Protein chains: 2
Amino acid sequence: MKRTAFFISDGTGLTAEALGNSLLAQFEKIDFEKVTVPYIDDADKARDMVKRINKASETDQSRPLVFDTIVNSDIRGIISNADCFMVDIFGTFLNPLEQELQASSSYSVGKSHSINNAGNYERRIEAVNFALDNDDGARTRYYDEADLILVGASRSGKTPTCLYLALQYGVKAANYPITEEDLNDQQMPSALKPHKEKIFGLTIEPERLATIRNERRPNSRYSSIKQCMHEIEEIELMYRRERIPYLNTTAYSVEEISTRIMVATGLKRNR
Amino acid sequence: MKRTAFFISDGTGLTAEALGNSLLAQFEKIDFEKVTVPYIDDADKARDMVKRINKASETDQSRPLVFDTIVNSDIRGIISNADCFMVDIFGTFLNPLEQELQASSSYSVGKSHSINNAGNYERRIEAVNFALDNDDGARTRYYDEADLILVGASRSGKTPTCLYLALQYGVKAANYPITEEDLNDQQMPSALKPHKEKIFGLTIEPERLATIRNERRPNSRYSSIKQCMHEIEEIELMYRRERIPYLNTTAYSVEEISTRIMVATGLKRNR
């Protein structure tokens, strides 16, 4: 049986979606049709939403779940008339929080992903630009400015991780691919030596690496399991020899890799 | 008076943080010290956490707020012994959801940002690579594969938006900077013509654009307010003439720009 789950917000819907997904992940056997609806910020849109929820209820023959982060209680009130089971964040927690903080809520809409703090926001964008400009060992002369230098084999996940660290945490992360030449030298690449304390290593199961590389360059030496095994073995040896902290990324998403790096390095977020 | 707010999770903490931030954004006059603590996934870590919360309580002379998304109720139980005000997501909503769904929770930890669905996850990483490879008009021959082509003046926010669309929604977005030469031609750039239905335009207040450009190339013609005004005027004219849908990004964050593009284009997420 299919159940529809709506994530509804007066802003981007990212919070409602994150919350709804984390709760629904606990019910693995149920088939959810997930629908995110951002910017429900007036009564007309809320009434349209009620129709949409009721329609899903009829189609599914069971009432939809609604996860909402709508600040305005009038709009929430309209939604609550729909035939649905409502997980209502603000309705549930805002009042108790007001009492605990002995302060009244400002009931301001769409705050959590807006440019609240312009300085912080600019640091995030600056960090994205830094990650792009210092990607893939392209430039090493700005490593002084980096908060972090990610190293690892080609295609071990460095670039998406640097971008996520920039967007989510405002951290300036450069990345440097460790090549065969670097490994043949039996020492740390010279561009990295002065910045040892900023270096964090990624590693990955050779089988997984070969699969990823094969998508880019099928049937090449670069993508062969033999080559991947060799590189990973040598790279892990270097990490241990040079005492570089490192993480095996095989089973982790970009979000998890990034969070684990933040924890392991003790880096502070810049936002 | 300062209040400490802890966002605690057995996973990345991203959900607890998003939820906590969206609630705390409602109390603008209170100065919160926000601390995210991921991977609290056993009793020992929970007991350390209690000490940390109690210490903050003493320092602040008022009890901290705790927003948690810990699945395991034993671990949650330990945390609840701390001197804190707890906004407990799973404790509040999991039981009612179990009843509504007539199913028991799997109580599986750290699900919401893990590689649950490997196919979807790979599409997101593929989309990131697509955005990088097709950034800044570098290549136009893969526009067939794009879900979206963002156009706009240099530094109007195209690249971070493309990357966010890729990471968050798995959408393959290329971007193309509209240059003065393009504008002099008085017609749509030839690389874009065959893909008109995929094009979305960004615009920005000239003053804001000049500020951003000045950070990169101070006191240049490129960064002058006169040049920015000229480019933006011509670009908006082109959008209207060619009926390209567009958005003014001046007041919006990358998250908001991306969400509004998803709504305006009706693009489906790929994750």
Side-chain angles (χ1 to χ4, degrees), chain A residues 3 11-15 18-19 21-23 25-30 36 38-39 65 69 71 85 87 89-90 92-94 96-97 100-101 103 105-108 110-116 121 124-125 128-129 132 135 159-160 163-164 167-168 251-256 259-260 262-263 269, chain B residues 3 11-15 18-19 21-23 25-30 38-39 65 69 71 85 87 89-90 92-94 96-97 100-101 103 105-108 110-116 121 124-125 128-129 132 135 159-160 163-164 167-168 251-256 258-260 262-263 269:
Chain A
R3 292 288 289 248
T12 59
L14 294 167
T15 304
L19 176 94
N21 276 322
S22 81
L23 285 164
Q26 296 302 316
F27 300 93
E28 294 167 325
K29 288 179 185 155
I30 299 176
T36 305
Y39 303 116
L65 309 178
T69 55
V71 175
F85 177 82
V87 171
I89 312 305
F90 285 88
T92 307
F93 294 123
L94 210 49
L97 269 172
E100 171 67 20
L101 295 169
S105 156
S106 60
Y107 296 100
S108 46
K111 267 290 164 64
S112 63
H113 290 95
S114 65
I115 309 184
N116 265 324
Y121 181 68
R124 284 172 62 203
I125 297 304
V128 170
N129 289 326
L132 291 170
D135 184 36
T159 299
L163 292 170
Y164 189 82
L167 277 167
Q168 180 67 25
Y252 295 137
S253 70
V254 171
E255 288 86 345
E256 290 172 305
T259 308
R260 285 175 189 272
M262 293 297 286
V263 172
R269 68 181 56 206
Chain B
R3 293 288 290 248
T12 60
L14 293 168
T15 304
L19 176 94
N21 276 322
S22 80
L23 285 164
Q26 297 302 315
F27 300 94
E28 293 169 323
K29 288 179 184 156
I30 300 176
Y39 303 117
L65 309 178
T69 54
V71 175
F85 177 82
V87 171
I89 313 304
F90 284 89
T92 307
F93 294 123
L94 209 48
L97 269 172
E100 171 68 18
L101 295 169
S105 157
S106 58
Y107 296 101
S108 48
K111 267 289 164 64
S112 62
H113 290 96
S114 65
I115 310 183
N116 266 324
Y121 181 68
R124 282 173 62 203
I125 297 305
V128 170
N129 289 327
L132 291 170
D135 185 36
T159 299
L163 291 169
Y164 190 83
L167 277 166
Q168 181 67 26
Y252 295 137
S253 71
V254 171
E255 288 86 346
E256 290 172 304
S258 303
T259 309
R260 284 175 190 274
M262 293 297 286
V263 172
R269 68 182 56 206

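Every chain is numbered from 1 and lettered A, B, ... according to where its sequence line falls, protein lines coming before strand lines. Nothing here was measured: the structure is a model prediction, and the numbers come from that model.
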Task: Y39(A) versus chain B, the contacting section by heavy-atom distance below 4.5 Å - done: side chain
Open item on the list: If I measure from the heavy atoms of chain A, does S258(B) come under 4.5 Å with its side chain, its backbone, both, or neither?
Closed with: neither
TODO: Select one option (side chain, backbone, both, neither) describing which atoms of L101(B) are under 4.5 Å from chain A's heavy atoms.
DONE: both
- [ ] Name the member of T69(A), N21(A), L163(A) that forms the most heavy-atom pairs with chain B at distances under 4.5 Å.
- [x] L163(A)
Task: Engaged part of L14(A) at the chain B interface, taking heavy atoms whose separation is under 4.5 Å - done: side chain
Open item on the list: Would you say the ring centers of F93(A) and F93(B) fall short of 6.0 Å from each other?
Closed with: yes
Open item on the list: Would you say that N129(B) contacts T159(A) through its side chain, given a criterion of any heavy-atom pair below 4.5 Å between the two side chains?
Closed with: no
Open item on the list: Tell me every residue that passes salt bridge (Lys or Arg N to Asp or Glu O under 4.0 Å) with E28(A), counting only those two or more places apart in sequence or in another chain.
Closed with: K111(B)
Task: Distance-minimising heavy-atom pair for S106(B) and A25(A) - done: OG-O, 4.1 Å
- [ ] Check whether any side-chain heavy atom of L97(B) lies under 4.5 Å from a side-chain heavy atom of Q26(A), and answer yes or no.
- [x] no
- [ ] Check the pair Y121(A) / S253(B) against side-chain contact (heavy atoms from CB on, under 4.5 Å), numbers first and verdict last.
- [x] CA-CA 8 Å; Y121(A) 181 68; S253(B) 71; 3.6 Å; yes
Open item on the list: Using 0.5 Å steps for rounding, measure from the OH atom of Y164(A) to the CG atom of L167(B).
Closed with: 8.0 Å
Task: Leading residue by heavy atom contact count with chain B [cutoff under 4.5 Å; candidates V263(A), I125(A), I89(A)] - done: I89(A)
Task: Side chain / backbone / both / neither for L19(A) at chain B, heavy atoms under 4.5 Å - done: both
Open item on the list: I'd like to verify something: which residue of V87(B), L132(B), L94(B), D135(B) has the highest number of heavy-atom pairs under 4.5 Å with chain A?
Closed with: V87(B)
Task: Contacts of R260(B) that satisfy salt bridge (Lys or Arg N to Asp or Glu O under 4.0 Å) - sequence neighbours left out - done: none
TODO: Side chain from CB out, backbone as N, CA, C, O: work out which of these in V254(A) comes under 4.5 Å of a heavy atom of chain B, or both, or neither.
DONE: both
TODO: Carefully, step by step, assess T12(A) and Y252(B) under the rule side-chain contact (heavy atoms from CB on, under 4.5 Å).
DONE: CA-CA 11 Å; T12(A) 59; Y252(B) 295 137; over 6 Å; no
